[in-house]
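Only one structure is covered here, and it is reproduced in the block below.
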Amino acid sequence: MDGNGRWAKQRFLPRVAGHRRGVEAVRNTVQACSRRGVGALTLFAFSSENWRRPADEVSLLMQLFVSALQQEVERLHQNNVRFRVIGDLSRFDPLLVSLINDAQQLTAGNDGLVLTVAANYGGRWDIMQAVNRMRQSAVGDTAPWTENDLLQYLSLGDLPEPDLFIRTGGEQRISNFLLWQLAYTELYFTDTLWPDFDADALDQAIASYRRRERRFGRTSEQLAAVNTGRSALG
Ligand code: IPE
Ligand code: MG
């Protein structure tokens with residue numbers, strides 16, 4: 001979710017105003033995904049590198065996270081959304097951590113959209129925490145580890161790999177998001193700034209996805225013969 005600051009700057013508003021509108025875009029996008037039957041939506045809200053921002057902006061982002069949880073979780077639950085957060089929560093305020101835990105517990109039994117917020121998250125951090133946990137659990141085990149072994153320890157190891165990656169705000173980078181899981185994901189970049197992202201923008205991204213041919217290393221001819229698994233995005 002990129003472009004909040006520029007959205008505000010274009011309007012001669014403080015960056016904060018862009019982040020506030022960004023929360024509204026999150027609400028709309030979650031609702032739009034739910035209605036379209038998307039199985040899982042993972043939002044990159046705060047990267048491990050974002051701590052480098054000015055202290056007042058970081059603290060405002062934390063406040064927004066707290067208030068969004070206080071205001072939205074009940075509605076998410078009513079809409080059958082399963083909410084969770086991935087990332088290193090050890091640096092977060094105890095209030096925020098307890099709100100996150102409560103929201104996860106409340107919605108754990110829901111079987112609608114799996115909404116994951118990546119907070120203080122980095123793709124390399126994810127791989128390293130997985131490797132370290134795997135190493136601890138495999139003391140004395142000399143058999144070579146497989147990709148599937150590692151998968152169990154990755155933050156999103158229980159979900160299918162993402163079909164579509166969307167980055168708003170014009171940059172064409174992954175910026176240390178889900179590095180392992182994005183290996184075969186279709187990448188979509190749009191100049192739309194995150195506060196302007198809405199159901200129409202989502203539909204454009206999905207339309208672009210549908211025009212692509214996912215070969216997973218095979219040839220077009222093979223694909224025509226074996227109709228490989230199609231996802232909720234069609
Ligand atoms: C993304 O918008 C929001 C967060 C990283 C929390 P930015 O704040 O990066 O917006 P720009 O890139 O300055 O426009
Ligand atoms: Mg940015």
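Position 1 is the first residue of the sequence, and the numbers go up from there. Whatever order the structure lists ligands and atoms in, that order sets their numbers, starting from 1.
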Single-linkage hydrophobic cluster, 4.5 Å side-chain cutoff, Leu202 and Leu193 together: no
Numbered in order shown, the ligand 1 atoms found under 4.0 Å of a heavy atom of His19 are 3 (C), 8 (O)
Checking a contact table here: which protein heavy atom is nearest atom 8 (O) of ligand 1, and how many Å away? Arg53 NH1, 2.7 Å
Answer with yes or no whether the side chains of Arg124 and Ser48 bring together a donor and an acceptor at under 3.5 Å. no
Using side-chain heavy atoms (C-beta onward) and a distance below 4.5 Å, is Ile100 in contact with Gln104? yes
Taking only residues two or more places apart in sequence, or in another chain, which ones meet Arg6 in a salt bridge (charged side-chain N to carboxylate O under 4.0 Å, His left out)? Asp2
Out of curiosity, does Phe83 fall in the hydrophobic cluster containing Val23 (side-chain heavy atoms, cut-off under 4.5 Å, transitive links)? no
Ligand 1-proximal atoms of Asn50, by part, heavy-atom distance under 4.0 Å: side chain
Just wondering, do Arg36 and Gln31 contact through their side chains at under 4.5 Å, heavy atoms? no
Met1 heavy atoms, cut-off 4.0 Å: which ligand 1 atoms fall inside? 1 (C), 2 (O), 3 (C)
Gly169 near ligand 1, heavy-atom distance under 4.0 Å? no
Who are the ring-ring contact (aromatic ring centres under 6.0 Å, His included) partners of Trp51, not counting sequence neighbours? Phe46, Phe92
Tell me the protein N, O or S atoms under 2.8 Å from the Mg ion (ligand 2), in chain and number order. Asp2 OD1
Would you mind listing the cluster partners of Leu178? Hydrophobic ones only (ILVMFWY), side-chain contacts under 4.5 Å, chaining allowed. Phe44, Ile86, Val114, Tyr121, Trp125, Ile127, Val131, Met134, Trp145, Leu150, Leu151, Tyr153, Leu154, Leu156, Leu159, Phe165, Ile174, Phe177, Leu179, Trp180, Leu182, Leu187, Phe189
Indicate yes or no: does an N/O atom of Arg6 lie under 3.5 Å from an N/O atom of ligand 1? yes
Taking the side chain as every heavy atom from C-beta outward, state whether Glu49 and Asn176 have any atom pair closer than 4.5 Å. yes
Ring centres under 6.0 angstrom apart (Tyr184, Phe216): yes
Is the shortest distance from a heavy atom of Ala45 to ligand 1 less than 4.0 Å? yes
Between Arg173 and Arg167, the two heavy atoms sitting closest are O-NH1, 3.0 Å
Non-hydrogen atom of Glu171 closer than 4.0 Å to ligand 1: no
Could you identify the single nearest non-hydrogen protein atom to atom 3 (C) of ligand 1 and state the distance to 0.1 Å? Asn4 ND2, 3.4 Å
Consider ligand 1: state whether an atom of it lies below 4.0 angstrom from any non-hydrogen atom of Arg15. yes
List the closest protein heavy-atom neighbour of atom 10 (O) of ligand 1: residue, atom name, distance to the nearest 0.1 Å. Gly5 N, 2.9 Å
